[in-house]
Colleague: 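Below are the structure tokens for one structure; questions will follow.
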Amino acid sequence: MGKVLDDDLIFLVLSIVEEIPEGKVATYGQIAGLADRPNNARLVGKILGMSEYYGEYPCHRVVNHNGRLAPNFHTQKEKLESEGIKFKNDEHVDLKKHKWII
DNA sequence: ATTTTGACACTCT
DNA sequence: CAGAGTGCCAAAA
């Protein structure tokens with residue numbers, strides 16, 4: 001298998017995001033690790049920013065390692081709350097309770 | 001080839 | 001808990 005990047009990486013990342021169960025959240029770093037690129041969390045964020053172009057994915061279930069929501073994704077909180085995610089405050093989900101463990 | 005950018009992670013204060 | 005500083009690395013400029 002050749003080097004995996006852009007289009008292949010996008011497909012891989014999105015397929016992983018698709019696996020996050022309802023009521024759970026994952027971090028960018030976690031997704032990066034599952035995609036076998038543990039140091040590319042930032043790339044995961046960039047891909048999710050464009051994910052709409054590729055289809056419907058539960059990208060609202062991805063937050064940073066502190067549980068902070070994505071900037072400029074104003075419907076994220078309500079989507080998470082609608083599936084039962086609890087928040088520590090306005091900007092941070094309760095990762096302790098809801099982090100997706102494989 | 002070099003610099004900047006990014007929905008990040010980690011450590012230290 | 002909030003900032004600052006550092007590390008990270010592919011993509012785009």
Side-chain angles (χ1 to χ4, degrees):
Chain A
M1 185 165 80
K3 210 175 180 186
V4 175
L5 17 122
D6 26 330
D7 286 340
D8 292 327
L9 180 59
I10 289 168
F11 177 81
L12 179 55
V13 164
L14 293 178
S15 69
I16 292 167
V17 169
E18 213 166 23
E19 305 275 313
I20 307 170
E22 189 175 309
K24 292 289 176 189
V25 295
T27 67
Y28 301 98
Q30 190 179 3
I31 305 285
L34 289 170
D36 203 40
R37 299 172 74 105
N39 300 322
N40 283 67
R42 312 184 70 151
L43 204 43
V44 171
K46 182 168 285 191
I47 290 168
L48 291 183
M50 304 182 49
S51 64
E52 270 185 286
Y53 175 82
Y54 295 92
E56 297 295 313
Y57 295 89
C59 55
H60 60 283
R61 297 183 187 138
V62 184
V63 298
N64 84 353
H65 76 116
N66 286 126
R68 194 190 62 242
L69 302 179
N72 304 310
F73 187 177
H74 307 295
T75 58
Q76 185 173 21
K77 187 178 182 189
E78 71 175 83
K79 285 186 177 184
L80 289 174
E81 286 182 322
S82 80
E83 45 188 72
I85 302 286
K86 304 293 188 186
F87 280 68
K88 297 200 306 176
N89 61 54
D90 280 340
E91 295 274 304
H92 297 74
V93 307
D94 189 339
L95 269 182
K96 272 288 202 220
K97 274 190 174 13
H98 306 296
K99 185 169 181 180
W100 179 37
I101 305 300
I102 306 292

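Note on naming: letters A, B, ... go to the chains in the order of the sequence lines (proteins, then strands), and numbering restarts at 1 for each one. On a predicted model such as this, the values are computed, not experimentally measured, just so you know.
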Colleague: What distance, rounded to whole Å, do you find between the two P atoms, one in C:dG7 and one in B:dA7?
Modeller: 22 Å

Colleague: Rounded to the Å, how far apart are A:N66 CG and C:dA4 P?
Modeller: 15 Å

Colleague: Tell me the closest heavy-atom pair linking A:A70 and A:Y28, and the distance in Å.
Modeller: CB-OH, 3.8 Å

Colleague: Without decimals, in angstroms, what is the distance between A:K88 NZ and C:dC1 P?
Modeller: 4 Å

Colleague: Considering every strand and a 4.0 Å limit on heavy-atom distances, what is the contact class for A:G29: base, sugar-phosphate, or nothing?
Modeller: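 Answer is sugar-phosphate: A:G29 comes under 4.0 Å of backbone atoms only.
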
Colleague: Could you tell me the separation between the CG atom of A:N72 and the C1' atom of B:dG6, rounded to a whole number of Å?
Modeller: 13 Å

Colleague: Kindly compute the distance separating CG (A:L9) from CD1 (A:I47), expressed to the nearest 0.5 Å.
Modeller: 4.0 Å

Colleague: When the distance from CD1 of A:I31 to P of B:dA9 is rounded to whole Å, what number comes out?
Modeller: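 The distance from CD1 of A:I31 to P of B:dA9 comes to 10 Å, rounded to the nearest Å.
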
Colleague: Expressed as a whole number of angstroms, how long is the span from A:Y28:OH to B:dC10:P?
Modeller: 14 Å

Colleague: Go through the steps for A:E83 and A:K24 under the test salt bridge (Lys or Arg N to Asp or Glu O under 4.0 Å), then give the verdict.
Modeller: CA-CA 9 Å; A:E83 45 188 72; A:K24 292 289 176 189; over 6 Å; no

Colleague: Under 4.0 Å, counting only non-hydrogen atoms across every strand here, what does A:A70 touch: a base, just sugar-phosphate, or nothing?
Modeller: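 It contacts base atoms.
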
Colleague: What is the separation between atom CG on A:L34 and atom P on B:dA9, rounded to the nearest whole Å?
Modeller: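 Between P of B:dA9 and CG of A:L34: 13 Å.
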
Colleague: Indicate if A:I102 and A:L95 have the same hydrophobic cluster label, given that clusters are the connected sets of ILVMFWY residues with side-chain heavy-atom separations under 4.5 angstrom.
Modeller: no

Colleague: Between A:A26 and A:I20, what is the shortest heavy-atom contact and its length?
Modeller: CB-CD1, 3.7 Å

Colleague: I'd like to compare against my own output: the B/S/- annotation of nucleotides 6-13 of chain C with a strict under-4.0 Å heavy-atom distance to protein.
Modeller: -BBSSS--

Colleague: What's the CG-P distance between A:D94 and C:dC1, to the nearest Å?
Modeller: 10 Å

Colleague: Considering only residues two or more places apart or on different chains, which pairs with a residue in residues 63-82 of chain A satisfy salt bridge (Lys or Arg N to Asp or Glu O under 4.0 Å)?
Modeller: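 Pairs touching residues 63-82 of chain A that pass the test: A:K77-A:D90.
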
Colleague: B:dA7 P sits how many Å from A:E91 CD, rounded?
Modeller: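 Those two atoms, CD and P, are 15 Å apart.
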
Colleague: Assigning hydrophobic clusters by single linkage (Ile, Leu, Val, Met, Phe, Trp, Tyr; side-chain heavy-atom cutoff under 4.5 Å), is A:V62 placed with A:F11?
Modeller: no

